[in-house]
Amino acid sequence: MTNPLAPGTKAPDFSLHSTPDQKVSLSELRGKTVILAFYPADWSPVCGDQLTLYNEVLSDFRQKGAELIGISTDGIWCHLAFGKDRRLHFPILSDFEPKGATARAYGVYREHDGFSERALFVINPEGIVHWSYVSPVGINPGADGILSALETLERTKEKVG
């Protein structure tokens with residue numbers, strides 16, 4: 001049983017490979033809204049559909065000032081082939097070694113399966129979890145929850161600003 005980070009929790013920093021010689025860190029994105037999409041495996045049918053959908057609505061995410069990052073425990077070479085095959089225009093990061101360390105930090109690593117939950121997090125520009133959701137592994141969570149969370153975050157910023 002996993003225990004995902006709740007809204008209001010400081011998002012743990014990470015530094016994961018996006019290519020064999022480049023890493024992406026959450027701290028590099030401070031000041032921006034970040035969507036983290038943890039998913040079980042690159043080549044599973046549901047994961048492929050989910051990430052392809054996010055690629056299709058990427059401009060909607062970016063219009064709301066959000067950057068999308070996919071994360072799974074697959075190796076970087078697998079990610080590169082998958083990203084090229086699916087023509088993804090956002091980074092997918094390898095939580096490979098130590099296996100699942102970032103998924104564990106976010107409370108979404110499935111120890112008994114050796115991969116992460118299908119989990120979504122919206123991190124506000126200050127690095128705090130604004131919204132989180134765990135979908136059953138076999139169900140594509142779609143993009144509506146993310147878009148609603150981004151709209152809520154926008155309204156919160158307008159009230160404060």
Minimum-distance pair of heavy atoms, taken over all atoms of Ala103 and Asp95
N-OD2, 2.9 Å

Give a yes or no answer on whether the side chain of Asp13 reaches the backbone of Leu26 with a donor-acceptor pair at less than 3.5 Å.
yes

Find the distance between CG (Leu58) and NE2 (His89) and round it off to the nearest 0.5 Å.
8.0 Å

Side chains of Arg86 and Ile92 in contact at under 4.5 Å (non-hydrogen atoms):
no

Are Leu51 and Leu53 connected into the same hydrophobic cluster when the rule is that any two of I, L, V, M, F, W, Y join if their side-chain heavy atoms are below 4.5 Å apart?
yes

Donor-acceptor under 3.5 Å (Lys64 side chain, Glu154 main chain)
no

Specify the closest pair of heavy atoms between Glu28 and Lys23, including all atoms of both residues, with the distance to one decimal.
OE2-O, 4.1 Å

Nearest heavy atoms of Val24 and Ile69, plus distance in Å
CG1-CD1, 4.2 Å

Indicate yes or no: at least one non-hydrogen side-chain atom of Trp131 is less than 4.5 angstrom from one of Leu150.
no

Using a 3.5 Å distance criterion without hydrogens, assess whether the side chain of Arg104 forms a donor-acceptor pair with backbone atoms of Lys99.
yes

For the residue pair His79 and Tyr39, does the interplanar ring angle fall in the parallel (under 30°), tilted (30 to 60°) or perpendicular (over 60°) class?
tilted

Rounded to the nearest 0.5 Å, what separation is found between the OG1 atom of Thr152 and the CZ atom of Arg155?
4.5 Å

Verify the cluster assignment for Leu88 and Val57: are they in a single hydrophobic cluster under the rule of side-chain heavy atoms below 4.5 Å apart?
yes

Distance (rounded to the nearest 0.5 Å) between Glu117 CD and Tyr133 OH:
11.0 Å

Taking every heavy atom of Leu80 against every heavy atom of Pro20, the minimum-distance pair comes out as CD1-CD, 3.7 Å

Parallel, tilted or perpendicular: which fits the ring planes of Phe121 and Phe38, with parallel below 30° and perpendicular above 60°?
perpendicular

State the CG-CG distance between Leu68 and Leu36, to the nearest 0.5 angstrom.
8.5 Å

Report yes if the side chains of Phe96 and Ile76 come closer than 4.5 Å at any heavy-atom pair, otherwise no.
no

For Leu93 and Ser18, what are the C-alpha separation, side-chain angles and deciding distance, and is it a side chain to side chain contact (heavy atoms under 4.5 Å, CB included)?
CA-CA 5 Å; Leu93 307 182; Ser18 59; 3.6 Å; yes

Atom of Asp42, atom of Cys47 and distance for their closest heavy-atom approach:
O-CB, 4.3 Å

Quick one: closest heavy-atom pair of Val46 and Gly138, and the distance?
CG2-O, 3.6 Å

Just do the side chain to side chain contact (heavy atoms under 4.5 Å, CB included) check on Ile123 and Ile128 with the steps written out, would you?
CA-CA 5 Å; Ile123 313 298; Ile128 306 298; 6.0 Å; no

Reported OH-to-CD1 distance for the pair Tyr54 and Ile146, which is rounded to 0.5 angstrom
4.0 Å

Are His130 and Thr33 close enough that some pair of their side-chain heavy atoms sits under 4.5 Å apart?
no

Interatomic distance, CZ@Arg62 vs CD1@Ile35, rounded to 0.5 Å, equals 9.5 Å

How about Arg118 and Pro136: do any of their side-chain heavy atoms sit closer than 4.5 Å?
no

Should Tyr109 and Leu16 be regarded as members of a common hydrophobic cluster, given that ILVMFWY residues are connected when their side-chain heavy atoms come within less than 4.5 Å of each other, either directly or indirectly?
no

Any Ile71 side-chain heavy atom under 4.5 Å of Tyr106 side chain
no

Give a yes or no answer on whether the side chain of Asn124 reaches the backbone of Glu126 with a donor-acceptor pair at less than 3.5 Å.
yes

Under the 3.5 angstrom rule, does the side chain of Ser72 hit a backbone N or O of Asp74 as a donor-acceptor pair?
yes

Output yes when a side-chain donor or acceptor of Ser132 lies under 3.5 Å from a complementary backbone atom of Leu5, and no otherwise.
yes

Counting only heavy atoms from other residues, nucleotides and ligands, does the tally under 6.0 Å from CH2 of Trp77 exceed 12?
no

